[in-house]
Engineer: 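This structure is in C-alpha cells; I'll ask about it shortly.
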Amino acid sequence: MGAEALSQENQGLNIGEAYLLSVGYDGERRKAFLKLYDTSDDRIKIWYDDTGHLPYCISKDPLEELEMNEGIAKHPGLAKMERAERYDALRDRRLDVVIIYAKDPLAIGGRPSGCIRDLVRAWEANIKYAESYIYDLGLVPCMPYRVSNGRLSPMAHELPMDAVAHLEAALEGEDEDHRRAVREWISLLEAPMPKLKRVALDIEVYSPIATRVPDPDEAEHPILCIGFFDNEGRKRILILDRGEGFEAEPLPGDLEASFFKSEADMLRAAFDIIREYPIVLTFNGDDFDLNYIWHRAQRLGMGKGDIPLEVGRESISIKNGIHIDLYKFFVNKSMQVYAFRQKYREMTLDDVGMALLGEGKRKSAASVSEMSYSELAAYCMKDAELTMRLSTYDDELVMKLIVVLSRISFLGIEDVSRQGVSNWIRSMLYREHRRRGYLIPRPDEILELKGTTATEATIKGKKYKGAIVVEPKPGVHFGVAVLDFASLYPSIIKMWNLGYETILCPHEECRDNLVPDTPHWICRKRRAIQSVLIGSLRDVRVKWYKPKSKDKTLPEPKRNWYMVVQDALKVILNASYGVFGAETFSLYCPPVAEATAAIGRYVIRRAIEKAKSLGVEVLYGDTDSIFLGTTDQALLNELVRWAKEELGMELEIDKYYRYLALSSRKKNYLGVREDGSVDIKGLTGKKRHVPEFLKKAFYDMIQILSEVRSFDEFNSARERIKRIVRECYLKLKNREYSLEELAFNVMMGKSPEGYTKTTPQHVKAARLLSQRGIEIKPGDLIAFVKVTGELGVKPVQLASKNEIDTEKYLEYISSTFEQVLDALGIEFDELIGVRRLESFFGPATRG
DNA sequence: ATCTATGGCAAGCCGA
DNA sequence: TCGGCTTGCCAT
C-alpha cells in the first residue's frame, strides 16, 4: 500500500541538499511531516509522510478514539496476532525481560501519554509511527539529505581520515556493538554544519502600568513595535504610529523603519517578514512575544489561517518555519552549568547577554509606553540584536550546540532546544530500542521486575548511598598531584555492562556476578543498550574530541568544533547516570543508579588503598578524584597503570598544586598551581549570597596567597592579609561601605507563601517588599542587609546605613576568613588584634 | 508542564 | 540552651 504511492504534496519535491530540522504532525491531514531546510534557497520545505503508516489518535473520548482509529484495528498485523502469541514473539526478540511499548505512538519528540492499552501495544509491535517513524526511515535530525521526486536519501560525507585511523586503533578489543556505535557517532558528529539563515524577533507592548507585564492571553494592549535583526545584520523595525505627540523623528541610519497607522497592518507586515525566514529566534517567545502576537492578531480580527504561527501546548512554532526560543535553551540547567560554566546566574536577556556577550539590555529611564519613537526603536532593536548575537557569538557556538545535541538525541531542533537532558537521553535510548525492533518498557514494568534500592543513603530522605568523600588532612601541603577517573560513572556503565535489562537478570548463572557493596548482580550473557550507547559516547569524547579540542596545532574553526562536540557530550554523559535514579525518567531503574554509585565507591576505595600501599599519602578525595602528597612521576604512573590493569578504568593526572590548603571541612579547599592560578572550592567567600564587600576582601586575600611559593613566604603574606582584614573591619565600623556592598543576595526557592516550616532571613526581607506592593516570584534574587532590631534584616531598598548591625557583619567576616586561615595555621584574632575583638567572638573556632 | 543524582557546609529557625 | 530541621549554595 502506501509506500508506493507518493503523497500529492511530495510530488515534484526535489532538493539538492536538505537538513532535516524538525518532525511534526498535521492534525487535519492526519499525517506526520518533516521540516527540511533547503540549502539552495534557505527555505523550509515540508515533506509529508507517504509511507502508509497509520496514525494512532488519542482522544479523551474512548468512543471517538475507537472510531478515529478504526483503520488500525483492521491492520493485518494486528488482526492476525493473538495476545499470547504476541508476548512470546516479543520475548524472543528481547533481552531477558518482557518489554512492552506503552507510550503515545504519536509522541513526536516524546510527549508521554496516559492513554495506554493493549491495542496500542500490539499495534506498535507491528507497525511504527511518528517518533519511531524517522528511525524507520533511517533519518537523523540535522543531517543532510537529498530529496529527489519526493524521496529522501542520505547525503554521504567524508569522514576525516585521521579520525578513522585513530578510532580503528582505539577500538581494538571492543565488542562489535561498541565498535558500530562509535563509528556511527563519529559519522553523525563529523557531518557538515548547516549554515542557517535566521532572524531574531522582539516586540514591545503598551502597558498602562509601567511595572506590570502585559498578559499575552488577554492581549488587550496594542503592540507598539516589532523589531527584526537577522544574522546578516539587517535591522528592520515596524512602529505603530500613535498620532499626536509622537512626531516622526530621525532614526539611526542603518535601521529600516516602517510606520503603520493600523496595528493590524503592522502585524501583517511582520508576518510577511517572518515568512521570509526559515528560522525565527526569540528570547521567551513561547510565553510572551509570539504568544502575544497570536492573541493580539485574533483580537484585531484576523483568522488563524492568516497568522503564520502554530500554537502548541507549551510552545509556538511557525508554519513553514522553525522557532527556537533561546530562553528555554539557556534556562536549561545542564546548559547553564556544564556548557556555560555558570557564567550567567539569572535567566534574563540582560544577565545572559552581559555574561556571554559583555552587553546587556539598553538602559532607559522611561517605560516603553512613554518612549519617543527613536528611543523605542533603539530599545526594541537592542533586544532583537542581543537575541541574535546569542546565537552567533563565538562562531555560532549556540547553533552548533543545538545541532550537535539534536544529532545525538535524535530530537529535532525545536524539541531539543526546549527539553531537558533527561528527555534527550530518553529519546536516544528509545531510538536504539526501535532500531533493534525492541519494544519499550513502561516505568511500572521496570519497577516491578527490578525493584528498588538496597543501600541506605547517608543523607536522610535520599534513596540510596552515593559517593565517598575522603576525610581531608588539615594543613598546608606542598607538592600535590590530583588524579581523577575520566568520566567515572559513564566508564562504570560501560565496563560493568549496566542497564535496566542486565541488572538483576533472570539467569541463575549470573547471580554470582555481584556489584560490590550491594546484593545486585549483573548479566554476563547480553550487552545492555545504555551500556553500549553511553559507553561509546564516552569513548568518543575521551579518546577523540577532548584531546582534539586541546590540540593547538589545529586550525581555529576545527578546534572550535571539537570543543563544541566535547561540551555537548559532556552534558549528556554527566546526566547519564543520574537519570536512572530520577522517578520522572521514563526508564527509571533505581538499582542501576545505585549500582553505578556503589561501583564508584569500590573503584575509589581500591585506588586509595593502592596509593597507600605505594607509600603515597592520600590527602583528600571526592567521588572520582584523589589528592596525593607526591609529584613523583614514577609513582603516579604506576598508579595509573595499575588502575587500567586492575580496574579497567582510566585514571588521569589532572593537575599539580604548588600547595594545597585543607581545613577539616570536606568539599572545601584552596589549591595554588605552579602558574599561580588558584582553585577555590566550596569556601564561603566565593558563594553567590555573600556580600560584595566581603567577596572583594576575600579575593584580595586569595591574590596574596597565590603569590606564595614556599613555606617561608607565608610570613610576609600573613602581614599583607592582616592589612586587608583590618581595612575591611575599619571600613565596616566607620560605615564606609554602601548598602549595596553590604547586601546578601539570596534566591527565592519558592513563592513567599511557600515557606511554612521556617521563615529564613531572605523571606523576611521579601515579605517586607511584598507589603510595598513589589511582586516576588520564585527565582528572584533578594538583596537584604542585616540590621539591628526585631527582624534582624531589611531589603536594601528599605534600609538605611545607620541601622546596619556591624557586630553581625564582623562575625561573618571572621567566619569567612577563618575557613582559609585555619588551614594555613593563622589565627583570625591575631590578624585583627584580640583586644578589639573579644566582645564579638561567639562561636569557637573549629579544628 | 517540567524535573539527572547524592554528599556536605553555614546559617538561621524553632520547639523541647 | 541545645539539637534537629530547613534553606540555599556548592562539589562532584
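All values reported here derive from a predicted model rather than from experimental measurement.
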Engineer: Under 4.0 Å between a side-chain nitrogen and a carboxylate oxygen: does that hold for A:Glu650 and A:Arg538?
Structural biologist: yes
Engineer: Strictly distance-based, threshold 3.5 Å: is any side-chain N or O of A:Asn332 a donor or acceptor partner for the main-chain N or O of A:Gln419?
Structural biologist: yes
Engineer: What is the distance from CD1 of A:Ile599 to P of B:dA5, rounded to the nearest Å?
Structural biologist: 19 Å
Engineer: Looking at residues 328-348 of chain A, who's got a heavy atom less than 4.0 Å off DNA chain C?
Structural biologist: A:Arg345
Engineer: Any side-chain N or O of A:Ser815 under 4.0 Å from OP1/OP2 of B:dA11?
Structural biologist: yes
Engineer: Ignoring backbone atoms, establish whether A:Thr759 has a side-chain N or O less than 4.0 Å from OP1 or OP2 of B:dC14.
Structural biologist: yes
Engineer: So, does A:Thr458 get its side chain near the phosphate of B:dG7, meaning an N or O under 4.0 Å from OP1 or OP2?
Structural biologist: yes
Engineer: Which atom pair, heavy atoms only, marks the closest approach of A:Leu768 to A:Pro795?
Structural biologist: CD1-CD, 3.6 Å
Engineer: Does A:Arg665 place a side-chain N or O at less than 4.0 Å from the phosphate oxygens OP1/OP2 of B:dA10?
Structural biologist: yes
Engineer: Counting N and O atoms only, with roles assigned by atom type, does the side chain of A:Ser531 sit under 3.5 Å from a partner on the main chain of A:Ile493, one being a donor and the other an acceptor?
Structural biologist: yes
Engineer: I want to check a possible cation-pi pair here: A:Lys786 against A:Tyr809, using under 6.0 Å from ring centre and within 45° of the ring axis as the test.
Structural biologist: no
Engineer: Quick one: which of B:dG12, B:dG7, C:dA11 gets closest to the side chain of A:Asp622?
Structural biologist: C:dA11
Engineer: What integer distance in Å separates A:Tyr489:OH from B:dT6:C1'?
Structural biologist: 8 Å
Engineer: Determine: side-chain N/O of A:His762 to OP1/OP2 of C:dT7, distance under 4.0 Å, yes or no.
Structural biologist: no
Engineer: Looking at A:Lys681, does any N or O in its side chain come under 4.0 Å of the phosphate oxygens OP1/OP2 on B:dC9?
Structural biologist: no
Engineer: So does A:Lys655 pair up with A:Asp679, basic N to acidic O under 4.0 Å?
Structural biologist: yes
Engineer: Rounded to 10°, tell me the angle between the two end axes of the helix from B:dA5-C:dT12 to B:dA16-C:dT1, each built from five pairs.
Structural biologist: 10°
Engineer: If every non-hydrogen atom of A:Ala607 is compared with every non-hydrogen atom of A:Leu639, which pair is closest and at what distance?
Structural biologist: O-CD1, 4.3 Å
Engineer: Under a 4.0 Å N-O cut-off, is there an ion pair linking A:Arg418 with A:Asp325?
Structural biologist: no
Engineer: So, is A:Lys667 close to the C:dA11 phosphate, meaning a side-chain N or O under 4.0 Å from OP1 or OP2?
Structural biologist: no
Engineer: For nucleotides C:dT12 and B:dC3, find the distance between their P atoms and express it as a whole number of Å.
Structural biologist: 26 Å
Engineer: Please state how far atom CE in A:Met747 lies from atom P in C:dC9, giving the value in whole angstrom units.
Structural biologist: 6 Å
Engineer: Could you check A:Lys463 against A:Thr584 and say which one's nearest nucleotide on DNA chain B is further toward the 5' end?
Structural biologist: A:Thr584
Engineer: Quick check on C:dC10: is either OP1 or OP2 less than 4.0 Å from any side-chain nitrogen or oxygen of A:Lys686?
Structural biologist: no
Engineer: What is the distance, to the nearest angstrom, from the NZ atom on A:Lys666 to the P atom on B:dG7?
Structural biologist: 11 Å
Engineer: If you assign each of A:Lys460 and A:Tyr755 to its closest nucleotide in DNA chain C, which residue comes earlier from the 5' end?
Structural biologist: A:Lys460
Engineer: Could you tell me how far apart A:Ile459 (CD1) and C:dG8 (P) are, to the nearest whole angstrom?
Structural biologist: 16 Å
Engineer: If the cut-off is 4.0 Å, is A:Ser422 near the phosphate of B:dT4, judged by side-chain N/O to OP1 or OP2?
Structural biologist: yes
Engineer: Look at the side-chain N and O atoms of A:Lys750 and state whether any lies under 4.0 Å from the OP1 or OP2 oxygen of C:dT7.
Structural biologist: yes
Engineer: Do the side chains of A:Lys696 and A:Glu741 get close enough for a salt bridge, i.e. N-O under 4.0 angstrom?
Structural biologist: no
Engineer: If you compare all heavy atoms of A:Ile522 against all heavy atoms of A:Asn497, which two are closest, and at what distance to 0.1 Å?
Structural biologist: CG2-O, 3.6 Å
Engineer: Are the side chain of A:Lys463 and the backbone N or O of A:Thr453 linked by a donor-acceptor pair below 3.5 Å?
Structural biologist: no
Engineer: As a test of reading the structure: which of B:dC13, B:dT4, B:dG7 is closest to the side chain of A:Ala582, going by heavy atoms?
Structural biologist: B:dT4
Engineer: Report yes if a side-chain nitrogen or oxygen of A:Arg688 is closer than 4.0 Å to either non-bridging phosphate oxygen (OP1 or OP2) of C:dC9; otherwise report no.
Structural biologist: yes
